[in-house]
Protein chains: 2
Amino acid sequence: MRGMSNDDTQFDLPSESGTTETKYARKKVAAIEAAAQAFAEKGFHGATTHDIAAEMGIKQGSLYYYFKSKEQALQEVCEYGFENYVQQMEKICAKAQPFEAKMQMIITSHLTTYRQKNNAMKVHNDQRLYLPKERRQRLKELGTRYRQMLENTLQEGVQADTIRADIDTHFVAYSIIGMCNSWGAYLVRDESLDLFDTIQQCADLVLRGVLN
Amino acid sequence: MRGMSNDDTQFDLPSESGTTETKYARKKVAAIEAAAQAFAEKGFHGATTHDIAAEMGIKQGSLYYYFKSKEQALQEVCEYGFENYVQQMEKICAKAQPFEAKMQMIITSHLTTYRQKNNAMKVHNDQRLYLPKERRQRLKELGTRYRQMLENTLQEGVQADTIRADIDTHFVAYSIIGMCNSWGAYLVRDESLDLFDTIQQCADLVLRGVLN
DNA sequence: GATTTTTTCTATAGGGTTATAGATTATTTT
DNA sequence: AAAATAATCTATAACCCTATAGAAAAAATC
């Protein structure tokens, strides 16, 4: 038996052999991605453990070698989808850049993530509330961290006199996230939508609004 | 037996007696609202026919007097939630009003609907894709009509020289809808959020953006 | 190549779910 | 109040689903 850390996400310490990753770790990622695919398509309750296993080419029962329960699978998918997204935000915010450039990068990062890890991100957004609160802890922390970075960026914009002093940064942060999420969902559903164009339009709308 | 029109939504012709509505029609609405509540809370697949029936105070089997299937219940909830919302939009767009006033009204209508019929609207937004395409026909039509009215309004704004001529009305329409939906979801989740304030902020952001 | 460890499989217990049928109780009509 | 219609109930068939246990196959180690 393997990975019986009993508590949680056990990406075994890098082993000695060639690729630094265990066979297990690699297959575990595949499991997470299979679950992401299934949950994204049918929703958490609509997808079955059989669907996930089939996606991986193994049998339903074997899936439990990788997840202790279906619920844990959902949790891991959500964290997987959200984690490096928040990390990217961290990198963006660390750099010293003028406000407009930063905003552009933030939106780019957000929408690009959707195009890449589309399934896991979608699952995080649409299905995470089906997790019991205990299991959402980490996600909540990540979300808060993300939003705070966004608010800080806006504050910097105010300080630099680039953006209006009378905006409610808290509110605007939520709005940007909401708009990007909704565009993200479109990007996932409609492959033909141009990513770069969408980014431009979003940034333009947020920055300048529609008025003349 | 009643309402065996076999095809669909049968809100019987107004009867003669007092209230113009049959007992059936009244209870059917209650059924739709119960389903909306259940689906909103647990999702389409997560909620059971038992949940819905319990909400109405009847037994699981009795529910099938009102819906031919769980899927049809979802369809009716979605249509119920979306229909009068689109109607309201129609009224707003019919009136001759300056662009900014109209935009304000549109956002008000959108967010107010959420606060009122929160469950059905939420279900429409989050769960409608679990319906097979055939059952989404009407919803799609309604959605298109809505978006078109919004785009028209934006076009009028361009014509009146109130808003920038270089905006992509199609894109902006989607963005507004996306942002409002995401705020709508917050309004449903957090009762303490001030409706009027949210409306103001949304309108302000869309109209003016954040830049100085 | 024998032994140990990892991975997958089969089978199943113990649930839960939808939808239907036919009986039963309420409510209207005549 | 008898007859007809509407609304609800009980019971159940026919599924589907998760999670576990123990056997079996594959891979790695000695």
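Every chain is numbered from 1 and lettered A, B, ... according to where its sequence line falls, protein lines coming before strand lines. Side chains are part of it too, since the values below use all heavy atoms of this structure and drop only hydrogens, waters and symmetry mates.
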Just the rounded figure in Å: distance from [atom2] of [N] to [atom1] of [X].
X     : N      : atom1 : atom2 : result
B/I52 : C/dT17 : CD1   : C1'   : 12 Å
B/L63 : D/dC9  : CG    : C1'   : 13 Å
A/K42 : D/dC16 : NZ    : C1'   : 12 Å
B/I58 : C/dT25 : CD1   : P     : 18 Å
B/M56 : D/dT8  : CE    : P     : 7 Å
B/F67 : C/dT20 : CZ    : P     : 15 Å
B/K28 : D/dA6  : NZ    : P     : 15 Å
A/H50 : C/dA11 : NE2   : C1'   : 14 Å

Check your understanding: What nucleotide among D/dA6, C/dT17, D/dT18 has an atom nearest to a side-chain atom of B/Y65?
Key -> D/dA6
Exercise for review: Under the salt bridge (Lys or Arg N to Asp or Glu O under 4.0 Å) rule, collect the residues that match up with B/E141, sequence neighbours excluded.
Suggested key: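 Listed in chain order: nothing, the list is empty.
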So, does [X] use its side chain to make a donor-acceptor pair with the main chain of [Y] at under 3.5 Å?
X      : Y      : result
B/K122 : B/Q37  : no
A/R136 : A/L131 : yes
A/N84  : A/Q87  : no
B/K102 : B/K95  : yes

**Study point:** No-hydrogen, no-angle side-chain donor-acceptor test under 3.5 Å, B/Y146 and B/Y85
**Key:** yes
Exercise for review: Using only heavy-atom distances, determine whether the side chains of B/Q104 and B/E100 contain a donor-acceptor pair under 3.5 Å.
Suggested key: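 There is no such pair (donor and acceptor under 3.5 Å, judged by atom type) between the side chains of B/Q104 and B/E100.
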Atom pairs, protein N/O to nucleotides 26-28 of chain D N/O, distance under 3.5 Å:
| from | atom 1 | to | atom 2 | distance (Å) |
| --- | --- | --- | --- | --- |
| D/dA28 | OP1 | A/K23 | NZ | 2.8 |

Exercise for review: Assess whether atom NE2 of B/H45 is packed by more than 12 heavy atoms of other residues, nucleotides or ligands within 6.0 Å.
Suggested key: yes
Practice item. Verify the contact: side-chain N or O of A/Y66 to OP1 or OP2 of C/dT7, cut-off strictly under 4.0 Å; return yes or no. Key: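 Looking at the OP1 and OP2 atoms of C/dT7, neither is under 4.0 Å from any side-chain N or O of A/Y66.
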Point to revise | Short side-chain N/O contact to C/dT7 OP1/OP2 from A/K59, under 4.0 Å | key: no
Exercise for review: Please say whether the positively charged group of B/K70, taken as NZ for Lys or CZ for Arg, lies over the ring of B/F44, i.e. under 6.0 angstrom from the six-membered ring centre and within 45 degrees of the axis.
Suggested key: yes
Could you run down the sub-3.5 Å N/O contacts of the protein with nucleotides 19-24 of chain D?
| from | atom 1 | to | atom 2 | distance (Å) |
| --- | --- | --- | --- | --- |
| D/dA19 | OP2 | A/Y64 | OH | 2.6 |
| D/dA19 | OP2 | A/K70 | N | 2.9 |
| D/dA19 | N7 | A/Q60 | NE2 | 3.1 |
| D/dA19 | N6 | A/Q60 | OE1 | 3.1 |

